Protein chains: 2
Amino acid sequence: NSTTLSNVNSTSEHPNLILTKQGVKDIRVNLGSIPIFDESLTETKAEIDTEIENGIEVPIPKDYSGGYTHERHKRNFLVMQKAGVLYQILNDERYAKYVKDMLFEYAKMYPTLPVHPKPRSYARGKLFWQCLNDSNWMVYTSQAYDCIYDYLTGEERNMLENDLFKPFADFISKGNPQFFNRVHNHSTWGNVAVGMMALAMDDDSLLQRALYGLKDVNLNPNMKDNDGGYINRDGKVGFFANLDEPFSPDGYYTEGPYYQRYASYPFLIFAQALQNKKPELKVFQHKDSVLLKSVTALINLSDADGEFFLLNDAQKGMSYYARSLVSAVDIAYHFGGNNPELLSIAQKQGKVTLDDAGLAVALGIREGKTQPFNKNSIELSDGPNGDQGAVGIVRSGDLELVFKYTAHGLSHGHFDKLSYALFDDGEEVVQDYGLARFVNIEQKGGGNYLKENKTWAKQTIAHNTLVQNKTSHFQGKYDIGSKHHSEQYIFSVDDIDLQVASAKENKAYSETQLHRTIVIIKDEEYDNPYVLDIMRVTSETPNQYDLPFYYLGQIMQTNFEYSKLDTPQVLGKANGYQHLYKEASATASGDNIKLNWLLNNKFYTYTATTSNNDDIIFGRIGANDPEFNLRNEPTLILRKKNFKDALFVSTVESHGTYSPISEFAVNAYSNIRNVSVIYNSNEYTAVQIEMSHSKQNIFIISNENNDSNKEHNLSIDDIEYTWKGSYTLINL
Amino acid sequence: NSTTLSNVNSTSEHPNLILTKQGVKDIRVNLGSIPIFDESLTETKAEIDTEIENGIEVPIPKDYSGGYTHERHKRNFLVMQKAGVLYQILNDERYAKYVKDMLFEYAKMYPTLPVHPKPRSYARGKLFWQCLNDSNWMVYTSQAYDCIYDYLTGEERNMLENDLFKPFADFISKGNPQFFNRVHNHSTWGNVAVGMMALAMDDDSLLQRALYGLKDVNLNPNMKDNDGGYINRDGKVGFFANLDEPFSPDGYYTEGPYYQRYASYPFLIFAQALQNKKPELKVFQHKDSVLLKSVTALINLSDADGEFFLLNDAQKGMSYYARSLVSAVDIAYHFGGNNPELLSIAQKQGKVTLDDAGLAVALGIREGKTQPFNKNSIELSDGPNGDQGAVGIVRSGDLELVFKYTAHGLSHGHFDKLSYALFDDGEEVVQDYGLARFVNIEQKGGGNYLKENKTWAKQTIAHNTLVQNKTSHFQGKYDIGSKHHSEQYIFSVDDIDLQVASAKENKAYSETQLHRTIVIIKDEEYDNPYVLDIMRVTSETPNQYDLPFYYLGQIMQTNFEYSKLDTPQVLGKANGYQHLYKEASATASGDNIKLNWLLNNKFYTYTATTSNNDDIIFGRIGANDPEFNLRNEPTLILRKKNFKDALFVSTVESHGTYSPISEFAVNAYSNIRNVSVIYNSNEYTAVQIEMSHSKQNIFIISNENNDSNKEHNLSIDDIEYTWKGSYTLINL
Ligand SMILES: [Ca+2]
Ligand SMILES: [Ca+2]
Ligand SMILES: [Ca+2]
Ligand SMILES: [Mg+2]
Ligand SMILES: [Mg+2]
Ligand SMILES: [Mg+2]
Ligand SMILES: [Mg+2]
């Protein structure tokens, strides 16, 4: 897995990582007439001028993230990168001198440093508590070094390279093979750190290490990291392995968009540098242009406000406004054929990178090439070959539903097969909890993962999907979960009024099969589309099935009686149940249950079919949470006891609005009168939905044949239904 | 209390309530060149054209608010008013005919109507479940009638007046004296409904009834309404009594801004009509121009977004964007000397009324007269003569603190003497719960007050103020509370870096005196000001004192150990305590306690002094809430057991920010190292605040002499402090 690099097209001119000599010339010529670039430059200059005035601080490493030394070193590398770029663009030696002075502070300190004093990481760094952050430092610092390379004397470069950069690169690679030789976002940063610095130093042997990994290292294949993920089970190593493995051919990153956002910076910045210095590697064409696809995939994985969907470990609020996405969008535009839709994202971001890619975007905008980036329904396959399930995003009106039938997602994966989350005009309405962590907030566990991430956030009951016998999918074991993935069954979104996504999961529980179908139907009688959710469970053994529904907001009304407990009770002992309080309960009669609630001045209704004697549990997150780490948000759990096969059918509507100013409530009630299963067999499931205006819709799905050309006919209550394809909707 | 109206200046021309003949001419001349008016007109025309197309519906009354017939009749009167105005401005008979046809539908139905079938009100209407809403109908309909008066034949007018308007006016007045003869926002609507229709019909005897009340009615002075408020204890009746009583000379409305907003429409619309038809009444000059002052007072009672502070019964989210405030601002501008600051509010509102007042505003904006409305610290006295306490609003930087030391606030008052709430850039950070009601949301108790309003929202423990022996102020009895008010002590805000509001409450508990002082200090070392809160309690008997702190957001950290309960326990049996869960608790050591929390990506810290063995209780709202009517929000209660005198001292800081996009936490920790009481006697209290940069501030207040010229000297730990005035701040 190694190639010899030719040096035919490579150049040892500087700068040549993110800026090129020609790029710098072009930028200088256009300055003052490229508004988005000019503004980004002004902002950066103001920031760096202040930093220069405040002086250089390179403290002895001491803290976890959130603490002073951590945040200071983090600021230093960001600032050095910007100062380097300013030197090139503005040709003002103050900036070069500032970078040089700071680098020499580091060069003086680094050789004296022991491993970082904080012990929590499986791969402790020197500047930071983990090699990951040391790698961040070098990814940025290599760019700064490249920018001031020609400003330095040969002797100065030798000192920096020998005292700082090479030992630094060795420490995060040879010194930490369990970190470097791995397929993981951590290793991507490690590989790219070494690779970027190798390019800056023109060190081809170091570049080989970055691209193809450390040689002759034998790690125990059962070794795990802090998150419980395997370090390396299959021996794949190096940048290209990190590119091949986690990205599907559609550009979906298996850890999910939150970590893709984080990893996209090293992937794309290194690709840019490789393209500039080693064009013969054709990195942007690699794996059918997967890096370019990954950028549009990531944008598609965001809600109406640009905030990323919560898949696996993910902090709410992260969006395509993040710094790394500015780079990603600009690089994808510049190196990916100038897709004009990316310009609209750049315009929303309101800034560009101060390099060749940013210039290209600024020129594109100036020339009026911008086109809107239309986010439509889309399915993104998972797995290196795209055959390990997928995430299906169904969009209709203001609704965006994210349906997850992927592989596990490496060490950041959650046990959430066939779960979904629903967004309405960018607001999460039926939520995925996200992670249990306050990233970089030191007072919450040093800003790191909290123990509730494992005991709560990753567990199946924390998600909108089926739990059997109060046990998480794959027994909550990463070893098992990471071997499996769900199976795509249908993704059919050509008819905007009837979009269907369907998937199966046969491995989460042995002897039990799950088949979930999500349909979004736009009925012309009503303003908004509604969601139909069919979760079909078949098993060889009788089980208890829980299907939670994590609505956000305040209960307005139910159509059934429930009794509130005097005081909440803890719902269970393990697998996440220990973090849920039961606040109220009811017993179903077999009729529909309806939950009507209000969130952000919109009215929603959940309508579900029941069997007689099903339990209805009103839950709230927050039990066994000794440090108030969890958010106290509600859920409604429908529980079927002692069933082999079971069918959960529900609808979710966004049907009305409230104004606290006019105090008008508009369409406060559900438009759905009744939902019922009128047929269910191994072959077919048919659901009838009676609307308030007395129309009826019947949705029929073929459970065993998803061929879109197959002709079906089915008789229900003496009525004959015939159709072609895996499903049909009949309007009566 | 009655005057004979002269008809010298009155006119029987129509229209002459909100539009005048001259006003209509002026509007027509300016149309097309007054953007804010033109837009309002276009919007209204579009709305009414749709309504006309949809046809007239006048259903038989049946529902509570939120229900179909209620909402339809409400829409009808709003639509009639607008259609009437459109007829005048556009001179298009379609609009007149629409109003006429709808009025005749009402005239046909009204004589057949029994009292409304829903029984919940103390004063049931005919179109609506309460006379209040019937009055709303007539306030708007009178305007519509005035607009089409000349379009109708004399015979048509006779029919409408005899079959509909007069019996309607009689029913809400003579038919419901307990509603009409009263000082209350309900009665204001009733008086104005009758008065507006009297003006439209030129019926001076009816106008007398509106202005001075029904004669010869003897109501039982102990009669109460649904909210527990007295109907009429002192015999004051009619529009002028409703104007004199609830408004203080500063224009503060004793029920609070939420109800002022509601009442301001009838007050101002009727004043406008009176000014047009009965200028000799000089209604706008009445009580030193109290109506005009009330509009600026109301704007001052809003946060940075224009949302009203939560005083007494008040629904969150109501703001000066409400329809009634558009009228109020426009009328106050037109009839109050064209205050150019009001134009900036009108511009934010983005619309004007389609009448003479709206035209004046539109012309003012067009002529560039707009000036910003600067909201500064302000004290607004309460009581008809301004001597029943006050509300003090202290503003500094992005902080707005609302300190309540008013009278009770009639039947909408809460038992919340000396409570405060804190806003940061328009977001409520330390909250007043508001009301327990979802206004007009039918599925929540018909959209009416929920029982938790009385059992929770009005109780003292629901507020950020002191509770003695788990009993609300005035034993939670309206009869007692409504007889008393707090005493203003200091309101001194001239120094923006040191603002002080201080008040005393001696009647809430017999034998116990409360004295609270709120100071907002801007220390030049820090970006934001901070709040210092000194609550001093003196009593002749030992008591238990609870001081709750209703922070909103998620706990990040405390500086003390606490133990979370396995399951929440209910905190008490009555007086609101039955609605609180205890989630965790701790025992104080006598050192400061610190609570650091995150809300909307800002970091806050509460720091409080304690005595050894004080209880610290982490509470959450939501116990004994069988229908999920309450919001499950947190509180921290500091409890001092078995003290006669007690001193609660705390600081609140907004000191830092978090970005979920950059994931940077900035200034996540408190800037206050320690707060301590260094002196406390009947005469003086002195608090020392040690800042993180080792500066110290000492705040000293004179507890018994608030003369701003008095010279004080005090020796504390052998240091002599001398100053002039009721307080001082010493920076060491
Ligand atoms: Ca959003
Ligand atoms: Ca949003
Ligand atoms: Ca606000
Ligand atoms: Mg999750
Ligand atoms: Mg979002
Ligand atoms: Mg209150
Ligand atoms: Mg607000």
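Each chain gets a letter, A, B and so on, in the order the sequences are listed, and its residues count up from 1. Keep in mind the model is a prediction, meaning the values are calculated, not measured. Note that these values count all heavy atoms, side chains included, but never hydrogens, waters or copies made by symmetry.
- With a 4.5 Å cut-off on non-hydrogen atoms, A:Y262 does not touch chain B at all.
- Ranked by non-hydrogen atom pairs under 4.5 Å with chain A, the options B:M318, B:R261, B:E71 are led by B:M318.
- For the set A:N440, A:L325, A:I441, the count of heavy-atom pairs under 4.5 angstrom toward chain B peaks at A:I441.
- Comparing B:R323, B:K316, B:E442 by heavy-atom pairs within less than 4.5 Å of chain A, the highest count is held by B:E442.
- At least one donor-acceptor pair closer than 3.5 Å links the side chain of A:Q443 to the backbone N or O of B:A668.
- A pairwise comparison of heavy atoms in B:E663 and A:V439 identifies OE1-CG1, 3.4 Å as the closest pair.
- Distance alone, capped at 3.5 Å, is enough to place a donor-acceptor pair between the B:Q554 side chain and the A:L630 backbone.
- The CD atom of A:E583 lies 9.0 Å from the CG atom of B:D625; values are rounded to the nearest 0.5 Å.
- For the pair B:T567/A:P568, no side-chain contact is recorded, criterion being any heavy-atom separation below 4.5 Å from C-beta on.
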Under the side chain to side chain contact (heavy atoms under 4.5 Å, CB included) criterion, do A:N632 and B:N632 qualify, and how do the steps go? CA-CA 8 Å; A:N632 300 124; B:N632 300 124; over 6 Å; no
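- In terms of modelled atom types and a separation under 3.5 Å, the side chain of A:K444 and the main chain of B:I555 share a donor-acceptor contact.
- Contact annotation for A:R620: only side-chain heavy atoms (C-beta onward) come within less than 4.5 Å of a heavy atom of chain B.
- Annotation: maximal heavy-atom pairing with chain B below 4.5 Å, among A:Y321, A:F664, A:Y320, occurs at A:F664.
- Between A:F618 and B:F628, the ring centre distance stays below 6.0 Å.
- By the 6.0 Å contact criterion, NZ on B:K74 is enclosed, its count of non-hydrogen atoms from other residues, nucleotides or ligands being greater than 12.
- When ring centroids are compared, A:Y581 and B:Y581 stay outside the 6.0 Å threshold.
- With a 4.5 angstrom heavy-atom cutoff, A:A623 does not touch chain B via any of its atoms.
- Nearest approach of B:G317 to A:I661, heavy atoms of both residues: O-CG1, 3.4 Å.
- By the neighbour-count criterion of 12 heavy atoms within 6.0 Å, atom CG of A:D566 is sparsely surrounded, having that number or fewer from other residues, nucleotides or ligands.
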